[in-house]
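Notes to accompany the following structure.
When a residue number appears, it is its place in the shown sequence, counting from 1. Because the structure is predicted, anything quoted here is derived from the model rather than measured.
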Amino acid sequence: MKKLILILLVTVTSYAQDNDNVKSILLNYERSTKNIYRIEYNAQRIDTFASGEVSNRKGFAFIEREKTDKLFGFYFAGERFDINEMDIYDGKNEFWVYKNKKSYKIEKPGIGFLGSPGGQIIAKELLFPDTTYKDVKLINVTKAAYILEYQFKDDTTYNITNDKKVIELSKNNFLPLKITSSYIWNGNKASSQIIINNLQINSNVNSSIEEFKKTLSNYNLIKDKINRSEDMVGSKAPKFILPKLFNTTDKIGLIRDKLTLLDFWEVWCAPCIVSLPKVEKIYKKFIDKVRVIGIITENISNARKLVNKKNITYTNLIGNKNLIKKYRINSYPRYYLVGKDGIIKKEYYEFSNQIEIDILKYLNE
């Protein structure tokens, strides 16, 4: 009996010590991030999608804390080395910078900008530790890092389960060295990992958002929507004939008889999933006046499950890489409003009420 009591005491004591260790580490992590006002680093991002495809990209990121910014709480500049594109956010605008062509365009800011090529290199955990987790525990300690595992609640909206995040915190400064997010979506595993290198903080950082913007003085601002090289607005929408999502023997194309909204989306894209019912509402509201077509290229079986679960009734087609290239899509979701004349009237990098406003505008012309 005494032996059993001793074992229980040791177990309880060990658990209490682990809890104290985690609290201490989290407190140090929080303190370290609060002291940061400027940070830059190189990073490698590895995404393993539910489809099994793997994307491995490297880049550079600069983050500047801005407490007054309501969108992110910071400004940033992120660059993808593989495509030589930089994306800059200054609180007022999104700057899409095409370094190879010495040109850039300006868009209105939106939360989806973190899904842009440069935005994908941003690790917000360097400024804001997670606070909405269900549980967190210390799973390992190495010579260089404390390794924490966060467990989050299942997300019924996206049908995500077993949502976890593992963060390796440096013993030197209690900041992330590696961030690995993983989850199960519709029974398929997916993960995203950011490995941070050459981290520089505060006084060791000479850059600023204004300095990044100054470099654009040597670039051409894309103004002419008809002649934009990177923007599809004002040009003829590329033609296509694609199989239907649920009946692949039946193929349809882009018909120029009414205003058409094209919705390019993928099953691994959370903003896409959230927007599907919103696009459905537009379809039902303008069912006799506007054609709505969804296009998806990956993970077709799960796309079918998702469309059924969300009760999406507008037509969805199975696209391909060639079509994605023709429409110059490098982030999701992407929407195009195509006129009766086959000309692309508007391009949207995320869903917004502006889509319906523009639909009404062109229907009344």
Side-chain angles (χ1 to χ4, degrees), residues 70-71 87 89 91-96 103-116 119 221-240 242 252-266 269-296 307 310 312-317 319 323-324 326-365:
K70 295 180 180 180
L71 199 57
D87 299 302
Y89 169 71
K92 298 178 181 178
N93 295 296
E94 298 174 0
F95 298 85
W96 297 70
S103 63
Y104 69 99
K105 64 179 179 179
I106 300 175
E107 301 285 349
K108 292 182 180 179
I111 192 69
F113 196 44
L114 281 181
S116 67
L221 173 62
I222 302 171
K223 294 181 179 179
D224 187 351
K225 293 190 173 187
I226 294 178
N227 297 317
R228 283 185 181 182
S229 59
E230 298 292 343
D231 197 331
M232 300 292 290
V233 175
S235 62
K236 285 189 176 182
K239 294 180 180 180
F240 57 78
L242 300 171
I252 64 172
L254 185 61
I255 305 172
R256 298 178 182 178
D257 61 343
K258 63 172 66 174
L259 197 63
T260 300
L261 178 65
L262 298 179
D263 172 10
F264 287 87
W265 64 281
E266 297 294 350
C269 165
C272 299
I273 297 172
V274 171
S275 300
L276 286 174
K278 299 175 183 178
V279 178
E280 175 72 11
K281 286 183 180 180
I282 285 181
Y283 166 66
K284 289 182 175 178
K285 186 171 183 177
F286 300 100
I287 193 166
D288 294 324
K289 299 179 180 179
V290 179
R291 179 178 290 103
V292 178
I293 298 175
I295 298 175
I296 182 169
V307 167
K310 296 285 185 180
I312 304 303
T313 59
Y314 63 87
T315 299
N316 272 275
L317 306 177
L323 185 69
I324 297 304
K326 285 182 178 180
Y327 275 88
R328 302 173 188 172
I329 293 173
N330 55 17
S331 65
Y332 291 88
R334 185 72 61 87
Y335 306 95
Y336 289 105
L337 192 60
V338 183
K340 291 181 181 181
D341 55 2
I343 301 297
I344 295 177
K345 305 298 184 183
K346 290 284 184 175
E347 180 180 10
Y348 313 90
Y349 291 87
E350 61 183 343
F351 187 91
S352 71
N353 293 332
Q354 188 63 43
I355 295 177
E356 184 171 336
I357 292 171
D358 291 335
I359 286 174
L360 290 169
K361 171 188 171 182
Y362 288 109
L363 286 177
N364 290 328
E365 284 185 348

Interatomic distance, CG@L360 vs CD1@I355, rounded to 0.5 Å, equals 12.5 Å
Distance from K346 atom NZ to D358 atom CG, nearest 0.5 Å? 5.0 Å
I282 vs Y335, test: side-chain contact (heavy atoms from CB on, under 4.5 Å). Steps then yes/no. CA-CA 13 Å; I282 285 181; Y335 306 95; over 6 Å; no
Counting C-beta onward and ignoring hydrogens, is there a side-chain heavy-atom pair between Y89 and L71 closer than 4.5 Å? yes
Please list, chain by chain and in numerical order, all residues satisfying ring-ring contact (aromatic ring centres under 6.0 Å, His included) with W96, sequence neighbours excluded. F113, Y349
Please determine whether the number of non-hydrogen atoms from other residues, nucleotides or ligands lying under 6.0 Å from atom CG of N353 exceeds 12. no
Strictly by modelled atom types, are Y336 and E347 linked by a side-chain donor-acceptor pair under 3.5 Å? yes
In this structure, CZ of F351 is separated from OG of S275 (nearest 0.5 Å) by 6.5 Å
Please indicate whether K340 has more than 12 foreign heavy atoms, meaning atoms of other residues, nucleotides or ligands, lying under 6.0 Å from its NZ. no
Y362 side chain reached by V290 side chain, heavy atoms, under 4.5 Å: no
Can you see which heavy atom on L259 is nearest to which on G339, and at what distance? CD1-CA, 3.7 Å
Measure the spacing between SG of C272 and CZ of R334 and express it to the nearest 0.5 Å. 10.5 Å
Within the 4.5 Å heavy-atom criterion, are V338 and R291 side-chain neighbours or not? no
Within the 4.5 Å heavy-atom criterion, are N93 and K108 side-chain neighbours or not? no
Using 0.5 Å steps for rounding, measure from the CD atom of E350 to the CD atom of E107. 10.5 Å
Counting C-beta onward and ignoring hydrogens, is there a side-chain heavy-atom pair between E266 and I296 closer than 4.5 Å? yes
For T313, does its backbone N or O pair with a side-chain atom of E280 as donor and acceptor, under 3.5 Å? yes
Testing L276, I293, I295 for side chain to side chain contact (heavy atoms under 4.5 Å, CB included) with D263, which one passes? L276
When rounded to the nearest 0.5 angstrom, what distance separates CZ in F95 from CG in L221? 9.0 Å
Correct closest heavy-atom pair for I359 and L337 would be CG1-CD1, 3.9 Å
Please report the closest heavy-atom contact between K310 and I273, naming both atoms and the distance. CE-CG2, 3.8 Å
Smallest separation among heavy atoms of T315 and L317, with atom names: CG2-CD2, 3.7 Å
Fit a plane to each ring of Y327 and F264, take the angle between them on a 0 to 90° scale, and name the class: parallel (under 30°), tilted (30 to 60°) or perpendicular (over 60°). tilted
Exercise: identify the closest heavy-atom pair between D87 and S116: OD2-OG, 3.3 Å
Minimum heavy-atom separation for P238 to K326, with atom names? CG-O, 3.8 Å
